[in-house]
Each structure stands twice: as C-alpha cells, then as structure tokens.
Participant: 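Starting off with a structure, shown below.
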Number of protein chains: 2
Amino acid sequence: MSRWKPDARERLERAALDLFAEQGFAQTTVPQIAERAGLTTRTFFRHFADKREVLFAYEEYLPERVAKLTDFDASDLDPIAFIETGLVEAAETVFADQFDRLRAIRAVIATDPGLKERELRKFADLATLLTDALARNGCPRADAELTAHLATTVLRLSLTHWLEQETPERSLPELIRETLSRLRSLTRD
Amino acid sequence: MSRWKPDARERLERAALDLFAEQGFAQTTVPQIAERAGLTTRTFFRHFADKREVLFAYEEYLPERVAKLTDFDASDLDPIAFIETGLVEAAETVFADQFDRLRAIRAVIATDPGLKERELRKFADLATLLTDALARNGCPRADAELTAHLATTVLRLSLTHWLEQETPERSLPELIRETLSRLRSLTRD
C-alpha cells in the first residue's frame, strides 16, 4: 500500500473533510478528493470503500478495542464500573487530541440524513460487538446486552456534549463521568 | 384521498409486505406493489413517499403520542415510573394485536443494511421528540435527554425480544417490565 506515501490516508481524509465543508457532502466526488490530495482515485479506493466511509473509517479498529476491553471474566460484572473504565480509557486514548477532527466530521454528518443514519448504525454495531464479547466472557446475555446499550448511549451523549463546545473546555472523561452519575441517580429507587 | 377505497392504504401495505417477503425488498418496485393491491402507482404515492416508507409509516403518529404522554409537569420526574407507564401503555395500545404485522416488517428490515439504518433513525427521532417534550414541561434538559434515551433503549430491546418469539408467548408489557427491572438492578450501587 503505497509505501512511498505513508501519509496518503491522512491526506485523503483531510482533503475530503475540507471539500465536504466547502461545497457540501453530496456535491463532492472521489476524483475531486483525490485531486485535492494530489493522489489518484485508485489510491483513494485502496484506503476507503467510498466517500462516505472517510467519515467512519476508524470503525475498523473497534473489534480489536472491544476485544481488549472485554478480556476478563465477566460473570460477575459491575456494569457501571465497566462502562466508566472502558469509556474513560477510550476517551483518553482513541479520542484524545481528536477534538477538531471529530468536530469537522460531526459537522458534515449533521448536513445529511443518510450520514446520520450511518452514524447510528456505527453505535448499534458497537453495542452488538460489546454484547457478544461480554456474553462470551461469562456475562448473562440479557445483562450483557443492556450493559452494552447503556455504554453506547452514554458514549454517544457524552461525545455530543463534548463536540457541541467550540473549544474542549470540559473534557470528554469529565462528561462521561457526569452522564454516568446522572444515569445512577435517575435509576435510583 | 380515494374515499371510495377506504382500505387502499392497508391493501398497499399488505401487498408490499407480501412482495418484500416473496422476492426481496430490493427487487420489489412500486408498480408491482400497486398492481398486487389492484391500485395505481398514483394511489400508492398518495399514501407513501416510497416503498421504504411502507415499513415506517406509523411514525407519523409519534409526535401526537409523545405530546399526550408528556402532557404533565415534568419538573419532578420519576424517570423509571414515567418510562414504565408510557411504554406499557404504548404496548397495550399501539402494539397490541400487531405482533404478526410487526414481525413481517422486522423480517424485511433484517435483510437490508439501509433499512436497519432507517429503523435506527426512527428510534433516534423518537428520543429527540421525547427529550424536547420533557424539557418543555419542566424537566432539566440533561435529565430529559438521558430519560428519553433510556426509554427508547428499553423499548427497542423489549420489542426485539418480543418479536424474536415465533408466537407472543411472553407479552410486550411483561418484557418491558423485565428490561426496566434489569436496568435498575444493573445501575444499583
């Protein structure tokens, strides 16, 4: 994969996000993205299935991350502690320093109902991955499923609040902990 | 709207679901649906924007139902009680006697990633409607948002479990109460 251009993927992403912002997602073509990046469309298609997938490319790392996160005996799971640990770790690694990039991606997604649907699928797929991984490691399936859906809900809402800010004044881990503590208090007897 | 054929909408839906099941969603065209129903494509388009919307038509009633459900002072909301009351009422009215129809719709949706994304948007839109309605009636916005997302998560999981059954042995209200009690126990300190 184009060893002489190790930054091809990043350049394509940058070019795509710039063009989506300048002229709109629907109006942007793959040849335009490749041209802006100074690369060929063939190179584009070595990195991304289509222009939409530029916005969702990091999904390919999810299975590996979920596997790591769930590599323990889950038969006696503390769901809230698990969600907090997992999400805060993700916030401090995957999402750290990605504020501007994720904000640009989010702005594009907000312009197109089809992209919003695609993003919802991303979170639904993550919930399925997490459910299966927890169940495989001994967590009763119904508990695994609900824990996974709570985790993705908390992640989605916290990410939204984080990226609604113009600057990352409140950090993502802080917003995750806040959402989790709200969850506990709302579901208390 | 074709007064002389008051059942046009139901006939079109029935014809569409039958054709989707027989030959696949992608392979089915609007003229085929209209022909099977003994109606014109023009009549089809008076009732549905496109063939996909046959599967999601009942969404148009959501705003009205959400407005009714949230017509109270929500400044001192008990989220779990609110979710239980609202969902069980919906289960006993909107979803009652719809088991076979919803199961047929679900089977079609499962065959197509685009339809799955569309369904996810349905639940996301419902969460937004609920958030806004609760906030308008005095619930702090962050609480309204989390309550609305918990409600749609519980509804989605309970519906899935209900429709996974070949016959509705376990009722939807029963499954909703079970999911809610699991939610409480998982988030308990």
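We name chains A, B, ... by the order of the sequence lines, and we start the count at 1 in each one. Only a predicted model underlies this, so the values are computations on that prediction, with no experimental measurement involved.
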Participant: Look at atom CG of A:Asp97 and say whether more than 12 heavy atoms of other residues, nucleotides or ligands are closer to it than 6.0 Å.
Facilitator: no
Participant: Might you point out which heavy atoms bring B:Arg184 and A:Arg188 nearest each other, and give the distance in Å?
Facilitator: NH2-O, 3.4 Å
Participant: I'd like to know whether CD of B:Glu22 has more than 12 heavy-atom contacts from other residues, nucleotides or ligands below 6.0 angstrom.
Facilitator: yes
Participant: Under a 4.5 Å cutoff for heavy-atom pairs, which residue among A:Leu180, A:Thr179, A:Leu120, A:Leu186 has the most contacts with chain B?
Facilitator: A:Leu186
Participant: If contact means a heavy atom pair closer than 4.5 Å, which residues of residues 61-87 of chain B contact chain A?
Facilitator: B:Pro79, B:Ile80
Participant: Around atom CD of A:Gln165, are there more than 12 heavy atoms from other residues, nucleotides or ligands closer than 6.0 Å?
Facilitator: yes
Participant: Listed by residue number, which members of residues 137-161 of chain B have a heavy atom under 4.5 Å from any heavy atom of chain A?
Facilitator: B:Ala142, B:Asp143, B:Glu145, B:Leu146, B:Thr147, B:His149, B:Leu150, B:Thr153, B:Arg156, B:Leu157, B:His161
